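The structure appears below as structure tokens.
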Amino acid sequence: MSLPLLLMALPMVTAVLTYNLRRWLWFQVLLAVGTAMALIVLVQVSPVDQMVVVAGRDVLLRSSWEVLGRSFTFVSSDRPLLTFLFSAALLFFLAAGAARAPALFLPVGLGLLLLMEATVFVQPFVYAALFLELIAAVAAFMLADRVYARTDGALRYLVFVSLGVPFILLAGWQLEVHQVSPDDALPLARATWMLAVGFMIILAVAPFHSWVAMVARHSPPLAAGFVLTVVQAVVAFFLMDTLAQFDWLRANANFFLALRLGGMAMAAFGAVFAFGQRSLGGLMGYSVLIDWGATLLAIGLGTPESIAVAAMLIVVRVLALVVWGVGAGVLVGPFGDDYENMRGRARNHPFAMVAVFAGGLSLSAMPLMAGFPGRWALFSMLSGAHTGYAIGLLIAGTSSWLGYARALCIILRRSESQDEQSYYAGAEEDPLTIVFAVPGVLLLLWVGLAPQLLSRMAQRIVENLAQLLA
Amino acid sequence: MLATTDMIPLLAYWAGTPAVAAVFVTAAILVIAEDLRVLVFALAAQYLFVGLLYTHVLAPQVAGIKITSGLIVWLIVFFSAHQHGWRPASAISGAPARWVLPVRARFRVCAVILATLIGWKLATPGVLPFPVASEHVTLGALQLICQGLLLLGLTSRPLKTGLGILTFLSGFGLLYSGVEPALMVVGVLAAVDVAVALAISYLAAVHVSSGSVAESARR
């Protein structure tokens, strides 16, 4: 049996099962969480290309699965990345119960897990781009439904990924041309700009960023969080893998400059629009844009430390958006997530509101929150040679903080119906929301105070690239 | 009845200039037309002739995979349009249908002509770094890419946006199959087409249901 096949088949089978269980949310949650845990255990303990005894039978877990002349290959250095992906998915699946996620969230989430594994395993690795296109198509099923019926975000996401993927595939072809005639530098130059353009489009670098805010505003909160953190993390690690594979790309200063400028453009656009938002989803979308801009800036610095910081930012973002998603899933109803619509609901759901603001402020790198240590480390790196970037990022972060402060002021104002009431009716909070929101917020604070809890995991994910850059 | 030996030269003829001409026309119709009946018919014709163009760059058996996937995609779009109600956009928005070209259509005709010229210019040898497997393929593929991009820029409705993505991907698939004819890549590209068709069909259904909910709420 091949380990990649086993790892990809498991979520596919359980995706079908969870789809059939969509009337029973908690059965779905149990099955999805169990699958994610089983995958984590398999990735951590499975010996590769060795005979093991399972239920009295000798089983050989091969590292590779050949399909039509290409292969899906598991290498030991993939273990930390896969563990992160499965853990992130586990947190989102667990949160789906508290946030009352749409019925398709879990089956589609499991399906996406299978495709994300395929992007990690496929060889030659540039074919991962094809699976990114499949991911965008499958994600559409969780990004819109009868309640969240605006389809603009899902469509725009699909369009931009469709535009970006051809560049990466054609870059792979140019690399093959270079292998045939190694003295010709033109294919390498073409491959470099094709990779840069392809990644810029898929990573939502401005001006290709519009889908981020649309998805954040119009899609179910947890589904939006899943796509903006876990799926986009796969793209970022694909970029890092590309850097690790090609020494000529690592030696290209212009490529790193493009990443830094792209990151700064994301942060600048986020800064301009975050403060003026009038909906929770929009504010989250532009805050995520700023955070992704910081991540690209860190990758663009091209040092082992900055790559570790980029990985840390990606890992912490998952925590922030899970907590945000639990709160927003409760607060945001069929009336939308405009601040005015939230006014009455926020006072009735104080724990959900605290979860939304704690997650959002962590995303904005507020001091004491989980997002701060990574951003602070990045500021320290930028303060020497790239002071302009540091100031720009600081302004972007401030815009996001002010956006949340403004949102809090509007949401906490009493609604007209509450003004007419002469007594306080009390909170209507579901105990389940409290069970998820309180530990989530405490975890964000704890990671903010003790970032080493996650930084080691983040370092292990990018160990290969960090060693090559050293 | 035609024997296989008679069919081969016939196929070779239809996979040449007629296929490119058909691709030009069908891609233009996809951009300009609003009536779903016309759009679905144009998509079917486009996939048929793109399938014929694939015979220039892939073995006929492998090109068969693309034709089959095209058929599946067309069926998905057909049923989605059927569910949508076959009405042109003007009927849905309440505007009266007239026998003169509305301003929007006239603008689209001009844009299509411009996109055609751009695609034609890009197909000149040496402009783009592609090995020329066949001039017909390059010309047809670049037309599909340009018209697909134009369609993506001009519409925001799920079904038409989806047709834009599918047209763009058809063009890219033709070009890419010339440089990477591996069976797995052809298969995954076919799977991508089907997944995109399913996604836009789902989004179109959600879009329509939200419209009907809003309509019943207004009543």
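Just so we're on the same page: letters track the sequence lines, and every chain starts at 1. All values derive from a computational prediction rather than experimental measurement.
Taking the six-membered ring for Trp and the full ring otherwise, Phe246(A) and Phe125(A) have centroids separated by under 6.0 Å.
Interface remark: Ser156(B) contributes backbone atoms only to the contact with chain A (heavy atom separation under 4.5 Å). Contact annotation for Leu175(B): neither backbone nor side-chain heavy atoms come within less than 4.5 Å of a heavy atom of chain A. Interface remark: Leu104(A) contributes side-chain atoms only to the contact with chain B (heavy atom separation under 4.5 Å). Neither the backbone nor the side chain of Leu186(A) comes within contact range of chain B; no heavy atoms are under 4.5 Å apart. Neither the backbone nor the side chain of Val138(A) comes within less than 4.5 Å of any heavy atom in chain B. Both the backbone and the side chain of Phe141(A) come within less than 4.5 Å of a heavy atom of chain B. Using a 4.5 Å cut-off between heavy atoms, Arg156(A) does not touch chain B at all. Looking at Val122(A), only its side chain comes within 4.5 Å of chain B, counting heavy atoms on both sides. Heavy atoms of Leu203(B) lying under 4.5 Å from chain A belong to its backbone as well as its side chain.
Within the model, atoms CZ of Arg104(B) and CG of Leu154(B) stand 9.5 Å from one another, a figure rounded to the nearest 0.5 Å. Separating the CG atom in Asn252(A) from the CG atom in Leu188(A) is a distance of 9.5 Å, to the nearest 0.5 Å.
At most 12 heavy atoms of other shown residues, nucleotides or ligands fall within 6.0 angstrom of atom OH in Tyr19(A). With a 6.0 Å radius and a threshold of 12 heavy atoms from other residues, nucleotides or ligands, Trp120(B) has its CH2 atom at or below the threshold. Other residues, nucleotides and ligands place more than 12 heavy atoms under 6.0 Å from the OH atom of Tyr176(B).
Between chain B and the residues Asp152(A), Leu158(A), Val67(A), the most heavy-atom pairs under 4.5 angstrom are made by Leu158(A). Considering only heavy-atom pairs separated by less than 4.5 Å from chain A, the leading option among Leu189(B), Ile200(B), Val185(B) is Val185(B). Contact count against chain B (heavy-atom pairs under 4.5 Å) is highest for Leu169(A) among Leu169(A), Leu143(A), Asp145(A).
Between His56(B) and His136(B), the ring-plane angle classifies as tilted under the 30° and 60° cut-offs.
At least one donor-acceptor pair under 3.5 Å links the side chain of Thr18(A) to the backbone N or O of Ala15(A).
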